[in-house]
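Below: one structure, written as C-alpha cells.
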Amino acid sequence: GVTLKHLLAFTYRIGYKRIFVVCLCLGVALGTLLGNLLKGYYMDQFVLFDPQYMNAIAESEIDKLSVAQIAFVSYIKSFGLMALFITTVIGTPCIYGHCVYKGFTIGFLITAATIRYGAKGILFFLMYYFPQGLIIVPMLAMLYIKGYELNYQLFSRKEHENVRLSQYIP
C-alpha cells in the first residue's frame, strides 16, 4: 500500500515547490469557477462591494493601530496552527490544503470584484491585498518550503538519524 513515507518521497522527487504552485493554481481555478457559478447566491448580499459601504469606509476615521493588531494576531494564529500541523503526520496534506485554500480565496475575491466592478475589480483586489501581501506572501512561501522540509525530515528519515530543528527556523 501507499504510506505517508512513500507519498513524501514521491513529492520530494517531483519537486514539492512545483506541487505548491500547482496547488495554488488549482485553488485559483476553483475559486474563479465557483465565483462565476455561484454569483447569483452571493452578489446581492456581498456587503464588501456595496458602493455605499465603500464610501462609508473611505469617509470614516479608522484606528490603524487596532486594525493592524487584529490582522497581526490573526496571522500569528494561522502561522502557529500551520507550524503545529507541520510537526505531525498530517503536515504535508495540511500544507497542500492551505495552499489550495489561499489560491481559492484569491480566485474567488478577484472573480467577485471583477463581476461587480469589471476591470476595476482587479485594481480593487490589488489595492486590497498589496500592502499586506508584501509581507505575507514571502512568509507563507517560507513556511510552506521550510515546513515541508521539516515534515519530510521528521517522517521520512531512518531511525538512527537525528533532526536538528534549528536548521528549519529562520
Side-chain angles (χ1 to χ4, degrees), residues 2 4 7-8 10-12 14-58 62 64 67-152:
V2 177
L4 180 65
L7 179 66
L8 286 170
F10 175 73
T11 57
Y12 200 78
I14 288 179
Y16 57 91
K17 294 174 187 172
R18 289 183 191 159
I19 294 176
F20 290 142
V21 171
V22 168
C23 287
L24 188 66
C25 291
L26 175 70
V28 169
L30 285 173
T32 303
L33 179 69
L34 288 176
N36 280 319
L37 291 176
L38 302 175
K39 66 183 171 189
Y41 292 105
Y42 69 85
M43 195 50 72
D44 294 335
Q45 301 165 356
F46 216 21
V47 177
L48 180 63
F49 298 125
D50 186 32
Q52 289 89 15
Y53 182 72
M54 297 299 279
N55 290 334
I57 288 176
I62 297 174
K64 295 177 181 111
V67 171
Q69 287 174 340
I70 291 169
F72 182 72
V73 168
S74 172
Y75 284 121
I76 291 296
K77 284 181 187 176
S78 176
F79 282 107
L81 281 173
M82 283 301 295
L84 179 68
F85 282 126
I86 285 168
T87 60
T88 66
V89 176
I90 61 170
T92 300
C94 284
I95 292 171
Y96 292 144
H98 194 261
C99 198
V100 170
Y101 166 73
K102 287 296 183 184
F104 179 84
T105 56
I106 289 169
F108 193 88
L109 185 60
I110 288 176
T111 301
T114 306
I115 289 171
R116 185 67 157 205
Y117 294 116
K120 291 180 185 176
I122 296 171
L123 291 174
F124 172 78
F125 173 77
L126 291 175
M127 288 188 322
Y128 175 77
Y129 196 72
F130 183 70
Q132 62 188 358
L134 288 175
I135 298 169
I136 300 303
V137 170
M139 287 178 63
L140 276 174
M142 187 172 58
L143 177 72
Y144 292 156
I145 291 169
K146 291 296 187 179
Y148 180 83
E149 290 173 355
L150 173 64
N151 191 271
Y152 180 80

Atom pair CZ/NZ of R116 and K39 - distance to nearest 0.5 Å: 12.5 Å

Report yes if some heavy atom in the side chain of T87 is under 4.5 Å from a heavy atom in the side chain of L150; otherwise report no. yes

Tightest non-hydrogen contact, residues T111 and N36, listed as CG2-OD1, 3.5 Å

What is the distance from atom CD1 of I145 to atom CG of L140, rounded to the nearest 0.5 Å? 11.0 Å

Quick one, L30 and F108 - any side-chain contact, counting heavy atoms below 4.5 Å? no

From I115 atom CD1 to I110 atom CD1, the distance as rounded to the nearest 0.5 Å: 12.0 Å

Verify the neighbour count for atom OH of Y75: are there more than 12 heavy atoms of other residues, nucleotides or ligands below 6.0 Å? yes

Just how far is it from atom CG of L26 to atom CD1 of I19, taken to the nearest 0.5 Å? 12.5 Å

I70 backbone acceptor or donor facing S74 side chain under 3.5 Å: no

Using side-chain heavy atoms (C-beta onward) and a distance below 4.5 Å, is Y16 in contact with Y144? no

How close do I95 and M82 get, heavy atom to heavy atom, and via which atoms? CA-CE, 3.7 Å

So which atom in Y148 and which in T92 form the shortest heavy-atom distance, rounded to 0.1 Å? CE1-CG2, 3.7 Å

Does CZ belonging to F20 count more than 12 external heavy atoms closer than 6.0 Å? yes

Hey, could you give me the CZ/OG1 distance between F104 and T32, rounded to the nearest 0.5 Å? 9.0 Å

Is the shortest heavy-atom distance from the side chain of I106 to the side chain of F125 under 4.5 Å? yes

